[in-house]
Visitor: 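Take this structure first; my questions come after.
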Amino acid sequence: MLDATQRRLRHLLTSPEGVAAALREAGAPDDRSLAGFVVSDGRLDAASRLEVYANAYFARLHAVLCDDFGALAAALGDEWMNDVVAAYLLACPPRRPSIRHAGERLADFLAAHPAALPFRRRFPWCADLARLEHALCDAFDAADARPRTRESLAALLPDAWPALRLPLAPCARVLRLEWNVVPLREAYERDETPAAPPAAPQANAALVWRRDELVRFRALDPLEAALLERAAAGESFEALCAAAAREVGDAEAPARAAQLLAGWIDAGLIAA
């Protein structure tokens, strides 16, 4: 009985058209069907009381999604973002208790769901921007890891370097994107007018990570993106240097590898 009541309340509270519409759809246009588990009072009938909670449900999720995907909301504008949120919540209602996970399927929804086709046509870059911003949320919540230091590398014997592994910190993400959406998020971070969205697809990569309790991101050039992915896959330092040599030549590879490694260590990207 309790389980059935909870399921019915959830259906009514999450109905995108409101409680009254949900009751009409169920063939119960008045609130007599609510008797027994929702009580009317002198100010509001049962359906109206539920409507208060239904409005709060959507308002809260809308606010959270606009906060987690701030650059997307700024780039789309209020009306389009409202439509995105409504369509997304209808197609992909939250599956976990914590509101933190409300947007976990937004990027996939925008990329492939039939209900998101109008958004993809008008804003073809929107899924990639959602991916970037969701990665920022994930990086904030990722597990901590003790970073490798320059001192620990300096202590290695020369023979240990070829087999050295450079695992990425749990918070680090390398994103392969079809649209260059990094400037949109950069403008949002600087509290500037939204940057002009990309006019055409352009394969690119971005890095997201957390350092000193702050989530950071930046664009990656193709070589660095490839080497970070290889490091994340567990390839040795020798293999990373060989990959660099194939891209930039034997003469330039050592200096380039050393420069990248120093930058990764200083940024806290490599776990000890």
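Predicted model, so just to flag it, every value in this text is computed and none were measured.
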Visitor: Minimum heavy-atom separation for R131 and R176, please, with both atom names.
Guide: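 Taking every non-hydrogen atom into account, NH1-O, 2.7 Å.
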Visitor: Any donor and acceptor pair, going by atom type alone, linking the side chain of R105 with main-chain N or O of P93 inside 3.5 Å?
Guide: yes
Visitor: Would you please classify the geometry between the F119 ring and the W80 ring as parallel, tilted or perpendicular, with 30° and 60° separating the classes?
Guide: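 W80 and F119: perpendicular rings.
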Visitor: Contact between R148 and L164 at the side-chain level, heavy atoms closer than 4.5 Å - yes or no?
Guide: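 The answer is yes; the side chains approach within 4.5 Å.
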Visitor: Kindly indicate whether the side chain of L129, heavy atoms from C-beta on, has any atom under 4.5 Å from the side chain of L177.
Guide: no
Visitor: If you take all heavy atoms of P114 and P118, which pair is closest and at what distance?
Guide: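 It is O-CD, 4.4 Å.
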Visitor: What closest approach, in Å, do R173 and P170 show between heavy atoms, and which atom pair accounts for it?
Guide: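 The pair with the smallest heavy-atom distance is NH1-O, 2.6 Å.
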Visitor: Roughly how far apart are C126 SG and F69 CZ, rounded to 0.5 Å?
Guide: 11.5 Å
Visitor: Decide whether E178 and W125 meet the rule of one side-chain donor and one side-chain acceptor closer than 3.5 Å.
Guide: no
Visitor: Does I99 share a hydrophobic cluster with V84, counting links as ILVMFWY side-chain heavy atoms below 4.5 Å and allowing steps through other members?
Guide: yes
Visitor: Is any side-chain heavy atom of W161 closer than 4.5 Å to a side-chain heavy atom of L153?
Guide: yes
Visitor: Just wondering, do C171 and R211 contact through their side chains at under 4.5 Å, heavy atoms?
Guide: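 They are not in side-chain contact.
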Visitor: Do N82 and H62 get their side chains close enough for a donor-acceptor pair, meaning under 3.5 Å?
Guide: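 Checked: N82/H62 side chains pair up, N/O donor to acceptor below 3.5 Å.
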Visitor: Give a yes or no on this: more than 12 heavy atoms of other residues, nucleotides or ligands lie within 6.0 Å of atom CZ of R146.
Guide: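 It does not: R146 CZ has 12 such atoms or fewer within range.
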Visitor: Could you check whether any side-chain N or O of R210 sits under 3.5 Å from a backbone N or O of A142, counting only pairs where one atom can act as donor and the other as acceptor?
Guide: yes
Visitor: In sequence, state the C-alpha distance, the side-chain angles, and the governing distance for R150 and D266, and then conclude on salt bridge (Lys or Arg N to Asp or Glu O under 4.0 Å).
Guide: CA-CA 8 Å; R150 286 186 177 228; D266 291 344; 2.8 Å; yes
Visitor: Within the structure provided, determine whether L228 and W264 are in side-chain contact (heavy-atom separation under 4.5 Å).
Guide: yes
Visitor: State whether E104 and R96 are salt-bridged, where the test is any N-O pair (Lys NZ or Arg NE/NH1/NH2 against Asp/Glu carboxylate O) under 4.0 Å.
Guide: yes
Visitor: Is the CD atom of E192 crowded by more than 12 outside heavy atoms at less than 6.0 Å?
Guide: yes
Visitor: Between F217 and E189, is there a side-chain heavy-atom distance shorter than 4.5 Å?
Guide: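 They are in side-chain contact.
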Visitor: For A225 versus V174, what's the shortest heavy-atom pair and its separation?
Guide: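 So the two residues come closest at O-CG1, 4.3 Å.
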Visitor: Output yes when a side-chain donor or acceptor of R165 lies under 3.5 Å from a complementary backbone atom of A231, and no otherwise.
Guide: no
Visitor: So which heavy atom on L175 is nearest to which on A135, and how close?
Guide: CD1-CB, 3.8 Å
Visitor: Taking all non-hydrogen atoms of both residues into account, name the closest pair between L184 and P198 and its distance.
Guide: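 That closest heavy-atom pairing would be CD1-CD, 4.2 Å.
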Visitor: Does any part of the side chain of V85, heavy atoms only, come nearer than 4.5 Å to the side chain of D83, both counted from C-beta?
Guide: no
Visitor: Would you say the side chain of L269 lies within less than 4.5 Å of the side chain of P147, judging by non-hydrogen atoms?
Guide: no
